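Worksheet: one structure, shown below.
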Number of protein chains: 2
Amino acid sequence: MYKPEPADGLVEERLGLGHLNQHLGYFVRRLQVVIFKDFIRELASMKLRPAQYSVLLVIEANPGSSQAAIGRTLGIERARLARLLHDLEGRAWIERRPASDGRTHALFLVYDGAKALAQSKKLAARHEAHMTKLLGAKRKAALLDLLKDLG
Amino acid sequence: MYKPEPADGLVEERLGLGHLNQHLGYFVRRLQVVIFKDFIRELASMKLRPAQYSVLLVIEANPGSSQAAIGRTLGIERARLARLLHDLEGRAWIERRPASDGRTHALFLVYDGAKALAQSKKLAARHEAHMTKLLGAKRKAALLDLLKDLG
DNA sequence: TATTGTTATACTCTATAACTATA
DNA sequence: TATAGTTATAGAGTATAACAATA
């Protein structure tokens, strides 16, 4: 989070951003990278990436959903979601059961998955604490409030 | 409260996010993807990606900078920046001149690059107008204000 | 015909490591 | 020994296309 001072006391120069200061996307991207790096480091012991974690949470909140519904909700392309679920199924964290519509699978967390998700949530809470420290509680809440209703 | 009934199966269902609602990173990521997609589409005619555009702007604002300084400023790893600059040099948009420190290159926009950047800024302004429409001017300004001073 | 899920390919971005040349 | 830049490789994430099974 902080970087050591160079031995000779010289500060590593940071240049001006010029016209980039007008672009919201630049700052959103920088923040997203910082957040994801911390999340990935904190959940490395679970071998769980942000996209995988988000899929587990949406399955938990919507048991029996189809892959198409999950993908639409999270903006994950179906080809990528198929591979991602294949991995989670291989860990015995989720199950794909046949559904009434013969084309779809109904997705469920299974026992190991629920246990892994509970542990992951604890690590994710530590990550959120880091973010609160980085941003300040007020700013973090303000950002969440501004971003939450973009549907 | 009254909720209109969707016509049978015609509305694509969106699932609840569950615990994901507590994670700022999720919403920051979704916004970043939306912003970058629009930017990339708008600047496709220039064949200019967000990272390339940001490098051109920082060179413009800091002529003669080294690659290391640019990379530190934008958070771009030096190996990737070398390839990125190789591409921009191939278009004759930038120049690498020898610097006093024999290890470094001094980077400059050249004529074609300045011309291309001017045109790109026009397209980027159209992109920003899209974002203003999407977010609303007030919210967009509030977000920029909250994110700008994260250093 | 359209939708769901799968496999495959290609491209970008990121993360390393190894190497050179200069300091 | 440390830094600047280059090249190479491997892993995610993303975007397509093609295909089989089902609606």
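To find a chain, count down the sequence lines: A is the first, B the second, and so on, and within it residues start at 1. Keep in mind it's a predicted model, so treat the numbers as computed, not measured.
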For Glu95(A), side chain to side chain contact (heavy atoms under 4.5 Å, CB included) partners two or more places apart: Arg97(A), Val110(A)
Nucleotides 9-16 of chain D: which of its N/O atoms have a protein N/O under 3.5 Å away?
unit_1  : atom_1 : unit_2   : atom_2 : d
dA12(D) : O3'    : Arg49(A) : NH2    : 3.4
dG13(D) : OP2    : Arg80(A) : NH2    : 3.0
dG13(D) : O3'    : Arg29(B) : NH2    : 3.2
dT14(D) : OP1    : Arg29(B) : NH2    : 2.4
dT14(D) : OP2    : Arg80(A) : NH1    : 2.7

Sequence-distant partners of Arg78(A), salt bridge (Lys or Arg N to Asp or Glu O under 4.0 Å), two or more places apart: none
Spacing of CD belonging to Gln67(A) relative to CD1 belonging to Ile70(A), to within rounding of 0.5 Å: 8.5 Å
Between C1' of dT6(D) and CG of Asp87(B), the distance in whole Å: 16 Å
Can you name the atoms? Protein N/O to nucleotides 18-23 of chain C N/O, anything below 3.5 Å, with the distance.
unit_1  : atom_1 : unit_2    : atom_2 : d
dA23(C) : OP1    : Gly102(B) : N      : 3.1

Touch class at under 4.0 angstrom, heavy-atom based, for His105(B) against every strand present: sugar-phosphate
Salt bridge (charged side-chain N to carboxylate O under 4.0 Å, His left out) contacts touching residues 39-50 of chain B (sequence neighbours left out): Asp38(B)-Arg41(B), Glu42(B)-Arg126(B)
Set of side-chain hydrogen bond (donor to acceptor under 3.5 Å, both in side chains) partners for Lys133(A), sequence neighbours left out: none
Can you list, pair by pair, the side-chain donor-acceptor contacts under 3.5 Å of residues 111-123 of chain A, counting residues two or more places apart and other chains?
unit_1    : atom_1 : unit_2    : atom_2 : d
Ser120(A) : OG     : Ala116(A) : O      : 2.7
Lys121(A) : NZ     : Glu60(A)  : OE1    : 3.1
Lys121(A) : NZ     : Glu60(A)  : OE2    : 3.0

Between dT6(C) (C1') and Leu81(A) (CG): distance, integer Å: 12 Å
Residues in salt bridge (Lys or Arg N to Asp or Glu O under 4.0 Å) contact with Arg139(A), at least two apart in sequence or another chain: Asp149(B)
Partner residues of Ala142(A) under the side chain to side chain contact (heavy atoms under 4.5 Å, CB included) criterion, sequence neighbours left out: Leu146(B)
Of all pairs that satisfy ring-ring contact (aromatic ring centres under 6.0 Å, His included), the ones with a partner from residues 49-84 of chain B, not counting sequence neighbours: His23(A)-Tyr53(B), Phe39(B)-Tyr53(B)
Selection: residues 65-74 of chain A, any non-hydrogen atom under 4.0 Å of DNA chain C: Ser66(A), Gln67(A), Ala68(A)
Which pairs of donor and acceptor atoms, one on a side chain in residues 81-90 of chain B, lie under 3.5 Å apart (sequence neighbours left out)?
unit_1   : atom_1 : unit_2   : atom_2 : d
Asp87(B) : OD1    : Gln52(B) : NE2    : 3.4
Asp87(B) : OD1    : Arg91(B) : NE     : 3.0
Asp87(B) : OD1    : Arg91(B) : NH2    : 3.2
Glu89(B) : OE1    : Arg96(B) : NH1    : 2.7

